[in-house]
Amino acid sequence: MTDTAVQALAFGEILFDVFDDGAYLGGAPLNFAWYLRQFGIPVGMVSAVGQDALGAQARHALQEAGISQTYVAASARPTGTVDVKLTHGQPHYTINEGVAWDEIPFPTTLRDAPELLYYGTLAQRTDANRATLAQLLALNPTQRFFDINLRQHYFTDDMVLAGLRAATIAKLNEDEWSVLQRMCGAGDPQDVVGQFELKALVVTRGDKGASLYVAGHDYHAASPTVTVVDTVGAG
């Protein structure tokens, strides 16, 4: 894939979920990029991995998936990991700090805005990454997809509200919707669409399906019946 062909960029963490039986590649931005590729959309990551075995594994996976890694920096820090412990089937996470994706540099060779920029909250836990994201948003991508994706204590009200003000599209789950209601005093998802002038707001509802809200219209889809194997990351 040539860089001129990349239509979308996903900014944020590349990490491995580390279980007792091994490490599994993930991170919400990478999951998003992977699914875009399934729809044939040329996409690249803006992230960082370590110069270690996990970093090499991540780069190989990006290459195999056809996801551009031109803007994935090589860091002296270790590749990001999340320690996952399952207790009675429920995962408990330790999102390790001081890792490669905690310091994602702005790609100075990036001159033109992508058609779509994906960003979330977790990668914004450092000043360096917030500065990089601000530079990416300043390129004024046509669509700005904000995955609210709240993780532990790694967010603030100001961060979430600023992310919404910058976005054209936002996505969150039912638990995050309850938090967002408190933040902005919204009674209904349509209130958020209007308040932040969003083109679309998506609320995922687990086994109850998902809802799409655009100005004046609500759409709802049921979930297919599946056997749950793993709820961590993209499953």
Check: Arg59 main-chain N/O paired with Glu64 side-chain donor or acceptor under 3.5 Å: no
Side-chain (Arg144) to main-chain (Ala166) donor-acceptor, under 3.5 angstrom: yes
Val214-Leu116 co-clustered via ILVMFWY side chain contacts under 4.5 Å: no
Any donor-acceptor N/O pair, Tyr119 side chain to Gly163 backbone, under 3.5 Å: yes
Spacing of CZ belonging to Arg77 relative to CG belonging to Asn96, to within rounding of 0.5 Å: 13.0 Å
Tyr93/Asp83 under side chain to side chain donor-acceptor pair (under 3.5 Å): CA gap, chis, key distance, verdict: CA-CA 6 Å; Tyr93 307 97; Asp83 297 326; over 6 Å; no
Atom pair CG (Leu36) and OH (Tyr118), whose distance is rounded to the nearest 0.5 Å: 10.0 Å
Check: Phe16 ring centroid to Tyr24 ring centroid under 6.0 Å: no
N-O pairing of Glu174 and Lys208 below 4.0 Å: yes
Student check: side-chain heavy atoms of Val160 and Leu150 closer than 4.5 Å: yes
Connected via hydrophobic side-chain network under 4.5 Å: Val72 and Ile41: yes
Considering all heavy atoms, the nearest Gly98-Pro78 contact: O-CD, 3.9 Å
Criterion side-chain contact (heavy atoms from CB on, under 4.5 Å) on Asn173 and Val203, from CA distance to verdict: CA-CA 5 Å; Asn173 63 31; Val203 181; over 6 Å; no
Min side-chain heavy-atom separation Val179-Trp177 under 4.5 Å: no
Approximate separation, where rounding is to 0.5 Å, of Leu180 CG and Asp175 CG: 12.5 Å
Within-4.5 Å side-chain heavy-atom neighbours: Asp218 and Gln190: yes
Least distance between heavy atoms, Leu161 atom then Cys184 atom: CD2-CB, 4.1 Å
Rounded distance [0.5 Å steps], OG in Ser47 versus OH in Tyr71: 14.5 Å
Ring geometry between Phe32 and Phe145 (parallel below 30°, tilted from 30 to 60°, perpendicular above 60°): tilted
Stepwise side-chain contact (heavy atoms from CB on, under 4.5 Å) check, Trp101 with Ile14: CA-CA 7 Å; Trp101 62 261; Ile14 293 175; 5.7 Å; no
Under 3.5 Å side-chain donor-acceptor pair for Ser211 and Arg205: yes
Euclidean distance, Met159 CE relative to Leu122 CG, rounded to 0.5 Å: 9.0 Å
Exercise: identify the closest heavy-atom pair between Glu13 and Met45: O-CE, 4.3 Å
Whether Thr126 side chain and Glu103 backbone form a donor-acceptor pair below 3.5 Å: no
NE2/His92: more than 12 non-hydrogen atoms of other groups inside 6.0 Å: yes
N/O donor-acceptor pair under 3.5 Å between Thr79 side chain and Val49 backbone: no
Between Gln143 and Thr168, a side-chain donor and acceptor under 3.5 Å: yes
Side chain Ser68, main chain Gly44, donor-acceptor under 3.5 Å: no
Any Gln152 side-chain heavy atom under 4.5 Å of Ile95 side chain: yes
Any donor-acceptor N/O pair, Arg130 side chain to Gln124 backbone, under 3.5 Å: yes
Shortest non-hydrogen separation from Ala10 to Ala33 and the atoms involved: CB-CB, 4.3 Å
Trace of the side-chain contact (heavy atoms from CB on, under 4.5 Å) decision for Val46 with Ile104: CA-CA 7 Å; Val46 181; Ile104 303 170; 3.9 Å; yes
Approximate separation, where rounding is to 0.5 Å, of Arg165 CZ and Asp158 CG: 7.5 Å
Cluster check Phe39, Leu212: I/L/V/M/F/W/Y, side chain < 4.5 angstrom: no
Under 3.5 Å: donor-acceptor pair, side chain of Glu197, backbone of Val193: no
Asn149 side chain to Leu172 backbone, donor-acceptor under 3.5 Å: no
Connected via hydrophobic side-chain network under 4.5 Å: Leu117 and Val202: no
Heavy-atom pair with the smallest gap, counting every atom of Gly206 and Ser223: O-OG, 2.8 Å
Exam field: side chain Asn129 to backbone Ala123, donor-acceptor pair closer than 3.5 Å: yes
Within 6.0 angstrom of His220 NE2, more than 12 heavy atoms from elsewhere: yes
Step-by-step side-chain contact (heavy atoms from CB on, under 4.5 Å) determination, Leu139 to Leu110: CA-CA 9 Å; Leu139 294 173; Leu110 178 62; 3.7 Å; yes
Heavy-atom pair with the smallest gap, counting every atom of Leu164 and Leu198: O-CD2, 4.0 Å
